[in-house]
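The structure appears below as structure tokens.
Each chain gets a letter, A, B and so on, in the order its sequence line appears, and its residues count up from 1.
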Amino acid sequence: MTGESAAGLSGRELACMRGGRTVFAKLDFGFAPGDLVVLRGPNGAGKSSLLRVLAGLVAPAAGTLAWHGADIAEDPAGHRARLQYVGHLDALKANLTAREHLRFHAALRDMGARDVGGRDVEGHHIAHALDMFGLAKLADRPARFLSQGQKRRVALARLCVAPAALWLLDEPTNGLDAEGVACLAAAIADKREGGGIVVAATHLDFPGGQARTLTLRAAA
Amino acid sequence: MNWQALANPARFKRLSDRLLPWFAGGAALCLAVGLYLGLVASPPDYQQGDSVRIMYVHVPAAWMAMFVYANLAVAAAASLVWRHPLADVAGRAMAPIGAAFTFLCLATGSLWGKPMWGTWWVWDARLTSVLILFFVYIAYMALNSAFDDDTRGARSSAILALVGAINLPIIKFSVDWWNTLHQPASVSRLDGPSIHASMLTPLLLMAVGFTLLFFALALVRMRAGLIERRLAALSYTRSADAGVASFR
Amino acid sequence: MSATLALLRRDLSLALRNVGETLTVLAFFVIAATLFPFGIGPEPQILARVATGIVWVVALLASLLPLERLFQSEADEGGLDQLLLAPAPLEALVLAKCAALWIGSALPLIAVSPIVATMLQLPTEAYGTLLASLLLGTPSLALLGGIGAALAVGARKGSALLALIVLPLAIPVLIFAVAAVEAQIGGLSVRPHLFLLAGFAVFWLTVAPFAMAAALRQAAS
């Protein structure tokens with residue numbers, strides 16, 4: 001295997017079936033550390049399905065998906081631990097605040113309250129994530145009192161409370177205002193600088209710097 | 001037998017083409033002879049008279065209710081382990097047949113109850129267990145058809161079939177125990193008196209006939225199920241090269 | 001482990017904030033039980049004879065009510081994907097959800113069951129055993145209900161389907177729970193029945209997490 005395709009996340013001959021029909025097939029790609037990959041294509045071309053395959057939520061109907069050359073089907077738990085996924089739904093509970101959502105997410109990603117050297121690492125991460133997405137003032141407001149765009153920010157702020165080498169984002173800018181898009185762009189730029197891979201499905205212009213584009217074809 | 005080879009739909013169709021006439025013919029023959037021996041040629045019971053003849057349908061139907069469920073559980077395990085569509089189709093095909101045998105067992109049990117106990121329904125331990133098995137079949141079928149995506153229905157109901165399979169012995173034990181607690185021992189069992197050879201032959205013939213009938217019906221329904229799937233797939237098949245147009 | 005506890009804590013605090021839902025279940029429990037005196041007459045002897053069965057059957061039906069939302073709301077909101085993608089084993093996470101369900105809805109139900117039992121003229125000496133049977137029997141119902149709820153995620157016929165799945169499988173729990181109380185009333189030993197109920201709970205504790213996790217994994221794909 002060539003170095004280019006082995007580093008990062010690579011797919012070979014990937015195919016996805018949903019409800020008895022082929023969504024995509026014979027998909028080959030290699031995403032390198034630091035890449036921002038924008039998935040494009042018309043509605044129904046399989047952008048969300050591809051993200052779910054990349055996350056391991058859906059098993060590919062054919063082909064293999066590998067991380068640094070190792071098949072992820074061999075180690076699904078390891079794959080789950082290295083990725084963060086933001087779906088098109090915000091996954092918020094109406095009665096929990098932004099801070100509670102982030103705290104729960106950090107614990108769920110096994111980043112629970114660990115006091116390292118007397119510092120509240122978790123609290124630090126959460127404060128940073130809230131700042132990053134301009135949520136500091138809204139931190140203690142229950143999600144049912146947040147606007148659509150503010151909810152999206154909380155969903156995205158989750159990305160910053162736990163480490164992950166791979167971000168999978170489904171229409172992340174949906175509902176965001178210009179400032180929110182700028183927050184996301186900054187977060188993505190940070191992630192790429194640290195060698196992370198960001199894959200985002202969108203049909204709009206996408207922030208976050210120089211991107212590679214993977215275009216999925218529409219139904220024939 | 002190579003299971004993987006059998007799981008190939010085309011090969012399955014060829015195999016079922018060859019087997020179906022034998023199953024169907026054998027079922028017709030066994031059931032005809034069995035019914036004649038059971039309903040006409042065998043002696044009436046000295047206590048129950050002619051109503052004992054219900055046994056020739058009732059008891060094999062009870063066996064089938066359990067036998068089909070065992071098949072269903074095997075198909076469910078195959079569906080979950082190998083994720084093969086044929087196992088999904090098999091589960092969906094077999095459940096209504098099993099439910100029909102279970103219902104036949106309950107209906108004949110009820111018919112038998114009237115002359116024997118003077119009532120259409122008695123909370124007899126066996127009948128009650130079969131009734132609960134019938135409920136599990138209903139739940140399986142309801143779950144199987146409750147999803148827009150057939151595969152989801154198949155997988156969900158397969159898990160239920162396995163949970164049911166490990167729970168059915170517990171239900172059986174509980175109902176037997178509950179029955180001895182509440183029923184006076186004087187109620188005689190539905191098996192009727194000790195079996196005489198002249199009764200055993202039609203009973204076994206009926207059991208074999210029902211089994212062959214089950215296999216024949218299951219094969220027909222599986223073939224229909226496979227064709228249905230093919231049709232559904234054809235109606236939105238896309239070119240096989242759908243996928244990446246460009247990556248730069 | 002911390003993820004499982006965090007989920008348990010989150011679901012409990014949600015239950016505390018949506019206390020209205022729990023109260024609705026309790027109200028159903030009480031109202032449904034009080035229908036029986038209207039249906040079969042208020043004679044104390046008759047009620048006393050069927051009180052245990054009524055309390056248990058109605059508790060079983062009431063425990064179905066919160067099941068529909070257990071995993072369906074997670075699936076609708078998108079939280080199910082986050083649970084599936086958590087590094088912790090899904091089997092442990094679903095157990096946390098069932099534990100929260102049990103604490104949040106079964107425990108309050110057990111707490112009001114003496115009131116219902118009083119109205120139904122349950123003999124006084126049977127109260128302890130009724131509570132014990134509920135404490136040992138309802139974990140099985142919560143786990144069994146969790147299986148049903150996980151299987152029905154995304155299904156078209158929500159609550160009726162759940163009842164179809166869960167009720168037949170719950171019959172052994174019902175049989176031995178009621179038998180325990182009747183044994184107490186009849187002056188027999190209740191321990192075998194209670195041991196069996198505990199055994200059922202252990203059985204479902206080992207089976208249910210795998211069934212729920214398998215059901216949810218295929219629900220997401």
Inset, instruction - Select, from B:D148, B:L133, B:I138, the one with the greatest count of heavy-atom pairs under 4.5 Å involving chain C. - result: B:D148
Legend entry - Region of B:S157 that comes under 4.5 Å of a non-hydrogen atom in chain C: neither
Legend entry - Residues of residues 165-174 of chain B near chain C, each having a heavy atom less than 4.5 Å away: B:I166, B:N167, B:I170, B:I171, B:F173, B:S174
Legend entry - Closest non-hydrogen atom pair, C:L151 against B:F147: O-CZ, 3.3 Å
Legend entry - Closest contact, heavy atoms only, C:A211 versus B:V163: CB-CG2, 3.8 Å
From [X] atom [atom1] to [Y] atom [atom2], the distance as rounded to the nearest 0.5 Å:
| X | Y | atom1 | atom2 | answer |
| --- | --- | --- | --- | --- |
| B:S156 | C:L161 | OG | CG | 8.5 Å |
| C:R217 | B:R155 | CZ | CZ | 14.0 Å |
| C:I165 | B:L143 | CD1 | CG | 4.5 Å |

Check this for me: [X], atom [atom1], are more than 12 non-hydrogen atoms of other residues, nucleotides or ligands nearer than 6.0 Å?
| X | atom1 | answer |
| --- | --- | --- |
| C:R191 | CZ | no |
| C:F203 | CZ | yes |
| B:E228 | CD | no |
| C:F210 | CZ | no |

Legend entry - Contacting region of C:L144 [heavy-atom separation from chain B under 4.5 Å]: neither
Inset, instruction - For side-chain contact (heavy atoms from CB on, under 4.5 Å), just list the numbers for B:F135 and C:L167, CA-CA rounded to whole Å, side-chain angles, deciding distance to a tenth of an Å, and then say yes or no. - result: CA-CA 9 Å; B:F135 293 157; C:L167 292 180; over 6 Å; no
Legend entry - Best-contacting candidate, C:I171, C:V166, C:L174, C:L169, against chain B by heavy atom pairs under 4.5 angstrom: C:L169
Inset, instruction - Identify which of C:P168, C:A150, C:A152, C:A163 forms the greatest number of heavy-atom pairs closer than 4.5 Å to chain B. - result: C:P168
